[in-house]
Each structure stands twice: as C-alpha cells, then as structure tokens.
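Quick caveat, the model's predicted, so the values are computed rather than measured.
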Amino acid sequence: MAKSSSNSSNIFLAAVLLFFGNVFLRAQASDVHYYDFVLREINVTRNCTTNTILVVNDSLPGPTIRARKGDLVYVKVHNQGPYGVTLHWHGVKQPRNPWSDGPEYITQCAIPPGTNFTYEVNLTDEEGTIWWHAHNEWTRSTVYGAIVILPREGSNFPFTTPDGEHLILLGSWFNEGISLNKALEMELSAGTNHVPRATGFLINGQYGDFVPCSNESTPHFSVDYGKTYLFRIVNAAVGSEMFISIADHNMTLVGMDGAYTKPIVVSYLMIESGQTMDVLVTANQSPGRYYLAAQEFSTEDIDFTDYVHEVATAIIQYKGNFSLTSPPSYPNETLPLYHDYSAAASFIQRLRSLASEEHTVDVPRNVTTRMFITASPNHVACPDDSCYFNDYKVAATLNNISWEDPSVDVLQAYNRNISGVYTMDFPDLPPVMYNFTGDDLSTSLADAAQGTSVKVLNYNETVEIVFQGTNLLDQSEYHPMHMHGYSFYVIGVGFGNFDNETDPQMYNLVDPPKVNTFGIPKRGWAAIRFRANNPGVWYWHCHIDRHMSWGMSTAFIVKNGDTEET
C-alpha cells in the first residue's frame, strides 16, 4: 500500500480541487445525482462454504448507478472495512478530472479505514452500460457494480425502445475471502506464479444451478412472449474472458463500453475482462425456461487445466402457464468450448461502431505519435536474494518494463513537481526486435527491468499504438488492455507478428469499434488510435489482474492545452 504519510495530504488536495470544480461541473451537467457507498465486511455462503468478504452497501454486486448522458454523479465512499480502498469508474472519461479516476498509486492513495472520500463522476459522451470497481490490489473481486447511462432527456436509443431490461454482472469467487489481498501479497513477495485463482464464476453474485448449494439462488429473468429486452452485461470477473450464450435465443449486440455498435446478430458473446456489452433479446421461443450460461474462455497453454470448469448460469423464464417439471434448455450447440480461439476471433472481427449521424466516428488520420508496445510475460532479478526460491521473480511487462508502484501517487507528484517518483522515459519501441510469437524463444529475452516509467504526450497529439503479444517463456495469452480517461478506436487486429508494411493497409478507419478495453489476441496484435485531448495522468494496464499485479501497466501524462478549457 502507499505510505500513510501521503494519504491525508493527497486526499486533502484532491478535496480542494474537487470543491473548486463544483461550480464548473454543475453548470455543465444536465442533472446531479448523489450516492452513498458504505464499504464493510459481511458473511456470505457460496458453494456450501461461508466466507467473510468486503462489499458495498451489504450487496454482491454493489449498487447500480443510474444517470443520463451528461449528468454529474457524486459518490461518497465510507470505508468501514479493514484496509484502504479506492474506486474507479471504468469507462468514464472524467475530462480534466483525473483526481476522481481512482487507481491507487496513479491518481490517489487509498481511502484509509474509518474515513470517507467523495468522488465526482463526470459523465460526458458515454451512453449505454459501463461499471465501477475497486482499484487497489484485487479488492474488486467483491467490490463492483454497474453504471447505466441513458440517452439525454428527449433523446432515444438508436434502436427500437426495448420492452424491458435486465442487468447481468459476471463475477469471480475466491475461497480466500477477505484474506485474498494478503494471499496475493505473499505470493508476489515470493516471486512465484502461484497467485490466487478464482474457484468459480458468478452471475449477479450467484453460481447458478450447476454448483452445490446454489440452485435455490439461481438468478431468474422474467420475459413475456413476443417482447424484446435489453440485457446490460458487465464482465467484472477478475482476469477472465468469458463466453455467453442463451439456449435457443439469438442476441443482437448494439453497444460496447458505453458506445453504440452496428447491430450484429450472434448466438454467443465473447466478452473480455473489463468489457461491457448491451444486447437485445427477443422472447420468441416456446414459453418455458432457458439457461443463460457463462463459461471461461481460457487462453493459457492448452496443458494448463487449473482454470474454472464450472459454468455459471441464470434462467430466462417466460411468464405464463407451462410445465416446470423439465429442466431448462441448455445452449449445448451455441456455447463455445474453453479453448475455442476461432469462435473468439470470429466474434471480434464483426465488431463495428454505429457511425451514424447522431453517433459519429472521429478516427484520427494524421498520426503524430506512433508506439509499438510488446505485452509479455517476463522475469526480473531479485535483489539481495529477496525471492524465496530462485534469483528471479515472475513479472509481466510493456516494452520490457515491469511497473513498480511508487510511494506517492503519480498525479500528485506531477501536480506538485515532486522529483524521484517516476521517470518520463517509457519507450516507444521494445529494446529488441525478435520473432515475438515464435516457439522456443531464448529465455534471455525475458530479462526485464522494473520501474515507474511513464509516457508524456502533448495536448491534442494523435496517437497510434500497436500492441504486440509475445510467446516469451511459452506463456502467450490474451491481454485485454484498458485505458483510463479515454476511449479509443481499434483499427486493426491480427495474429502472428505485426507487419508494418502490409497490416496497416487493412486498417478500418471508417467504423472501427470505440471501446475502453480491448484484447491483444494470443500470439497476435491489436492497433488502436486516439486523440490525447484529456489532460491528466491516466493509467494503462492489462485487465487480467495477475498480469497487472506482475507489472503489465504504465501511465500516460497528457499535458495541459493552451486554453482554460483544455
């Protein structure tokens, strides 16, 4: 955790800045909402075992924030838990307001136990479903909830208004309970890869029918025959991509990450860790009961079998009189298997922004900054025999640098010109070019450095980043990269090594998906573009939590513009 000596000063400074920003933000907001989040421990029973966990307002998942596009939300967080906590508003751009973004070590120190802190959540162009979660260690495993952003008053959805809506939050269950962070810290200090693993997945806090002691609490969603429902889906699972399918029902994807997409009809979803999706489902089958099933898409080596095999389920139940003696129908034909890479790739390749007159696309064309960033498993040397088992500890990197948490958060250090906290030398290229996705790569390529290295951008720079996955140490995986403070356009995705000559010719600059989280495929690459028009300090990290804990992250500092508004 960050040193307590900086807690009070940092929180006081943030409070002062938030206070003086109130008048400006209120003047711009369409409406203002207030929420109280009380963090405390409760006892819950899952899979026949009772654990103590930390939650918000005695609920798993936590409360849903509902607002309209352009609204302002104040969330007062009362920390009655046993350790410091921060909250992040995943997908909210927070223009000129990084002080309320939430990641520990980046924009604030943790809110100490027994204190409170008020966040300003400034909604601007987001519309659809996003979410909030804790952003210190792995506290988000039980501290998370949805944010539903409706169109502005007087505006409508870009599709026929649904007859109703249902909320689905996918979550992870860890047997460690309230001791999860301590177990994580122990393994990180030992330098091993034996970090805690989820033992199951949840839908709205419940396992569903296929786990002992769970079928009485399986979530049910009631539907009327012939009506269409908007399902708002959040993948809050700690570090897992998921497949989702509904027995005998298609889904129409209409939104991702708080932005609308071109409608695509699908029989399954592949939703990456941290992503949100909005889908329409029409109740057009024989009245009865149908399983909605969620299963892990495991991208680790095929020989690795320590992933969750159980399927989380909910039940879509038609209203009316019909027999309940037979079990619900199961999506045997449409739910992909654990390692179905072709199903994942097929789904990803169909994603497009809506790109309508009301919901325009603005892909930067004249790129001023180009970066090529490897996302890789690595190892770093252990100083003074500090690791328990050998001279190296497990690490994950961006461009061969494994992020090291500072003792003062980066935003405070940047704002106050505190030296020695971070360096401004994050590289635009990896130190060595090699066959990134090849087999039997030299282990010497996995030697990495640790540091608090950030990338500095001038205001309004147009940035293209190609993220390249690697197979170092024979440990290639998907890496869902999440950028705070921005959405970005995914202009290209491919497998193998990125080819700077041929791959850019296939870029989609017309209607690429606009997201805040998107995966680098296993042994593949993803290219994105964005405009650096939101000043502040913004975290970039893999949303597979063990990768983030091992160091697969950095921060962007975007300088102020020349005017008061920028």
Distance check, rounded to the nearest 0.5 Å: [X] atom [atom1] versus [Y] atom [atom2]?
X: Ile147; Y: Ile130; atom1: CD1; atom2: CD1; value: 4.5 Å
X: Leu253; Y: Thr261; atom1: CG; atom2: OG1; value: 4.0 Å
X: Asn136; Y: Cys109; atom1: CG; atom2: SG; value: 11.5 Å
X: Phe488; Y: Met481; atom1: CZ; atom2: CE; value: 8.5 Å

Legend entry - Sidechain N-carboxylate O distance under 4.0 Å for Glu296, Arg197: no
Is [X] reaching over with its side chain to a backbone N or O of [Y], donor-acceptor style, under 3.5 angstrom?
X: Tyr489; Y: Asp362; answer: yes
X: Asn399; Y: Thr374; answer: yes
X: Tyr338; Y: His309; answer: yes
X: Glu461; Y: Asn458; answer: yes
X: Arg140; Y: Glu137; answer: no

If the plane angle is over 60° it's perpendicular, under 30° parallel, otherwise tilted; pick one for [X] and [Y].
X: Trp89; Y: Trp132; value: tilted
X: Tyr486; Y: Trp538; value: perpendicular
X: His133; Y: His90; value: tilted
X: His339; Y: Tyr341; value: tilted

Hey, are the side chains of [X] and [Y] touching, using non-hydrogen atoms and a 4.5 Å cut-off?
X: Val234; Y: Tyr144; answer: no
X: Asn471; Y: Phe436; answer: no
X: Asn378; Y: Ser376; answer: yes
X: Ile203; Y: Leu292; answer: yes
X: Ile373; Y: Leu398; answer: yes
X: Leu269; Y: Val279; answer: yes

Inset, instruction - For Tyr478, enumerate each residue passing the ring-ring contact (aromatic ring centres under 6.0 Å, His included) test, keeping only those at least two apart in sequence or located in another chain. - result: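 Scan of Tyr478 (ring-ring contact (aromatic ring centres under 6.0 Å, His included), adjacent residues dropped) gives Phe297.
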Legend entry - Qualifying residues under ring-ring contact (aromatic ring centres under 6.0 Å, His included), relative to Phe467, sequence neighbours excluded: Trp540
Identify, with sequence neighbours excluded, every residue that meets side chain to side chain contact (heavy atoms under 4.5 Å, CB included) alongside [X].
X: Thr199; value: Trp173, Asn175, Tyr207
X: Asp503; value: Phe498, Asp499, Trp525
X: Pro480; value: Glu241, Glu272, Ser273, Thr517, Cys542, His543, Ile544
X: Ser487; value: Lys93, Lys514, Asn516

Inset, instruction - Please check if atom CE in Met506 has more than 12 non-hydrogen atoms from other residues, nucleotides or ligands closer than 6.0 Å. - result: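 Atom CE in Met506 is not crowded, with 12 or fewer foreign heavy atoms closer than 6.0 Å.
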Inset, instruction - Sequence neighbours left out, what pairs pass salt bridge (charged side-chain N to carboxylate O under 4.0 Å, His left out) with at least one residue falling in residues 366-381? - result: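 Listed once each, the pairs are Arg370-Glu464.
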Inset, instruction - Could you note down all residue pairs passing salt bridge (charged side-chain N to carboxylate O under 4.0 Å, His left out) where residues 465-494 supplies at least one of them, sequence neighbours left out? - result: Glu477-Arg546
Inset, instruction - Compute the ring centroids of His479 and His541, then answer whether they are less than 6.0 Å apart. - result: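 For His479 and His541, the ring centres are not under 6.0 Å apart.
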Legend entry - Centroid-centroid distance, His482 to Phe518, less than 6.0 Å: no
side-chain hydrogen bond (donor to acceptor under 3.5 Å, both in side chains) against [X], all qualifying residues, sequence neighbours excluded:
X: Gln450; answer: none
X: Ser267; answer: none
X: Asp278; answer: Thr129
X: Lys262; answer: Asp511

Legend entry - Member of Arg529, Met483, Met371 meeting the side chain to side chain contact (heavy atoms under 4.5 Å, CB included) criterion with Ile465: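 Answer after filtering Arg529, Met483, Met371: Met371.
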